[in-house]
Amino acid sequence: MNLEPATLPRHVAIIMDGNGRWARQQGKPRIMGHKAGVRSVQEVVRCARELGIGVLTLYAFSTENWRRPGTEVESLMGLLQTYLENQLDQMVENQVRLRTCGRRDHLPVKVRQVLENTIRETAGNDGLILNLALSYGGRDELVRAARQLAARAVKGELRPEEIDEEKVTAELDSAGLPDPDLLIRTGGEARLSNFLLWQLSYSELYFTRVLWPDFGREHFLAALADFQQRQRRFGRTGGQVAGEE
Ligand code: IPE
Ligand code: IPE
Ligand code: MG
């Protein structure tokens with residue numbers, strides 16, 4: 001696979017879907033699919049890091065996923081906790097910096113503690129930013145941003161006409177990160193499922209039928225190669241040179 005280092009995406013976001021179907025195919029309980037999915041997370045994180053990609057955002061748990069059976073939710077939270085505990089040394093060693101988006105305050109206290117610890121321990125790292133979307137919903141994030149801006153307006157810190165795209169962006173959990181250049185969704189569905197609704201405005205979308213536990217380095221590289229074939233226009237015509245008015 002020939003990848004051009006200069007045109008790699010700065011930020012890749014992934015909807016990691018298909019764990020349950022993978023498990024069913026194997027005649028195993030759904031949780032075994034999630035367990036197998038952790039291996040794919042490790043492989044893709046390593047690959048992103050080696051390629052020098054700046055940010056990798058992984059959709060691990062949506063605001064809607066709370067509606068799943070309690071046992072599945074508990075298992076997912078347990079897997080997340082174990083993953084973070086096991087990865088800390090490697091993250092520190094490999095300069096990976098952890099951050100999150102979503103309702104961290106809705107997560108079980110144990111998970112929150114290990115997250116906060118990992119974020120603190122990796123804060124000084126300057127390699128890949130690993131951004132985990134946990135109890136995340138794009139609409140929820142926008143509602144929270146709207147509330148913050150309204151509160152500042154009420155306090156007289158901000159006039160409504162001063163609210164622009166930059167101010168909304170700055171209130172989102174992703175503040176400071178570039179928008180994703182590439183969104184990958186595994187598992188065959190072609191929908192966003194409430195992921196990064198604001199940030200994905202001009203992202204390139206890549207859907208694959210490969211189920212998340214089967215997704216590895218080769219598939220990731222294939223998605224990046226596909227991205228490098230795209231012509232991004234951002235509303236302009238095809239012939240314009242970047243920066244040209
Ligand atoms: C993705 O796999 C993991 C989470 C949403 C937490 P699923 O559990 O949604 O797997 P399918 O879509 O049922 O196969
Ligand atoms: C999206 O997958 C959420 C995550 C991957 C965490 P879902 O499986 O929850 O999405 P739907 O229900 O198929 O839209
Ligand atoms: Mg699913």
Side-chain angles (χ1 to χ4, degrees), residues 11-45 48 55-84 86-87 98-108 110-112 114-115 130-144 172-174 177 180 182-200 203-216 219-220 223:
H11 182 173
V12 179
I14 307 183
I15 302 176
M16 310 183 288
D17 195 23
N19 295 351
R21 278 162 286 164
W22 183 91
R24 196 173 58 222
Q25 279 180 3
Q26 318 258 322
K28 294 177 179 166
R30 290 178 58 84
I31 183 65
M32 296 309 284
H34 299 313
K35 257 197 177 144
V38 176
R39 282 201 308 268
S40 303
V41 171
Q42 286 166 328
E43 195 163 325
V44 169
V45 168
V55 188
L56 179 67
T57 297
L58 299 178
Y59 203 6
F61 196 86
S62 72
T63 46
E64 288 72 29
N65 288 148
W66 291 113
R67 297 187 199 133
R68 293 189 178 197
T71 49
E72 181 167 343
V73 171
E74 270 173 42
S75 311
L76 280 166
M77 293 299 150
L79 277 178
L80 174 63
Q81 192 183 330
T82 316
Y83 168 79
L84 290 167
N86 291 341
Q87 293 301 303
L98 185 78
R99 64 184 270 175
T100 66
C101 52
R103 300 298 300 258
R104 222 193 287 165
D105 56 323
H106 286 179
L107 297 171
K110 280 241 164 110
V111 173
R112 227 158 53 211
V114 67
L115 274 172
L130 175 60
N131 183 29
L132 294 182
L134 296 168
S135 191
Y136 175 85
R139 288 187 172 187
D140 175 75
E141 184 186 37
L142 283 163
V143 167
R144 286 186 284 115
L172 299 176
D173 299 341
S174 55
L177 298 178
L182 171 65
L183 169 81
I184 300 171
R185 180 171 188 147
T186 64
E189 315 290 356
R191 55 176 172 253
L192 295 181
S193 302
N194 202 11
F195 194 38
L196 303 176
L197 298 178
W198 173 276
Q199 297 89 335
L200 292 174
S203 307
E204 296 297 324
L205 309 182
Y206 180 89
F207 298 103
T208 169
R209 303 190 76 81
V210 176
L211 304 172
W212 179 250
D214 289 328
F215 191 89
H219 302 101
F220 189 55

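Computed from a predicted model, the values in this text were never measured in an experiment. Every number for a ligand or one of its atoms is a count from 1 in the order of the listing.
- Note on D17: counted as a metal contact of the Mg ion (ligand 3), an N/O/S atom lying under 2.8 Å.
- Between the side chain of R99 and the backbone N or O of D173 there is at least one donor-acceptor pair closer than 3.5 Å.
- Rounded to the nearest 0.5 angstrom, T57 OG1 and I184 CD1 are separated by 11.5 Å.
- Summarising the geometry, atom OH belonging to Y59 is positioned 9.5 Å from atom CG belonging to L192; distances are rounded to the nearest 0.5 Å.
- Considering both main-chain and side-chain atoms, G20 comes within under 3.5 Å of ligand 1 through a nitrogen or oxygen pair.
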Show, in sequence, the C-alpha distance, side-chain angles and deciding distance for S193 and R185, and conclude whether the side chain to side chain contact (heavy atoms under 4.5 Å, CB included) test is met.
CA-CA 10 Å; S193 302; R185 180 171 188 147; 2.8 Å; yes
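- Looking at D17 next to ligand 1, an N or O pair under 3.5 Å apart turns up.
- Contact annotation for F195 and ligand 2: no heavy atom of the residue comes within less than 4.0 Å of the ligand.
- The shell of residues lying under 4.0 angstrom from ligand 2, judged by heavy atoms, excludes R67.
- Atom CD in Q26 sits 9.5 Å away from atom CG in L211 (nearest 0.5 Å).
- Between atom 2 (O) of ligand 2 and the options R191, R185, E189, the minimum heavy-atom separation is to R185.
- The option with the heavy atom closest to atom 9 (O) of ligand 1, from among R68, R30, E72, is R68.
- L80 contributes atom CG, which lies 6.0 Å from atom CG of L115 (distance to the nearest 0.5 angstrom).
- Y206 contributes atom OH, which lies 12.0 Å from atom CG of L183 (distance to the nearest 0.5 angstrom).
- When the heavy-atom distances from atom 10 (O) of ligand 2 to G137, S193, G18 are ranked, the shortest goes to S193.
- L132 CG to Y83 OH: the interatomic distance, rounded to the nearest 0.5 Å, is 6.5 Å.
- Of the protein's heavy atoms, none falls inside 4.0 Å of atom 12 (O) of ligand 2.
- Interface atoms of ligand 2 facing F61, defined by a heavy-atom separation under 4.0 Å, are 6 (C).
- Residue contacts with ligand 2 for A60 involve N, CA, C or O but no side-chain atom from C-beta outward (heavy atoms, distance under 4.0 Å).
- Ranking protein heavy atoms by distance to atom 5 (C) of ligand 2, first place goes to M16 O, 3.4 Å.
- With a heavy-atom cut-off of 4.0 Å, S62 does not touch ligand 1 at all.
- Looking at R24, K35, H34, R30 one by one, the single match for side chain to side chain donor-acceptor pair (under 3.5 Å) with N19 turns out to be H34.
- Every heavy atom of R21 sits 4.0 Å or more from the atoms of ligand 2.
- The closest side-chain heavy-atom distance from V73 to F61 is below 4.5 Å.
- Contacts of N65 with ligand 1, taken as heavy-atom pairs under 4.0 Å, involve the side chain alone.
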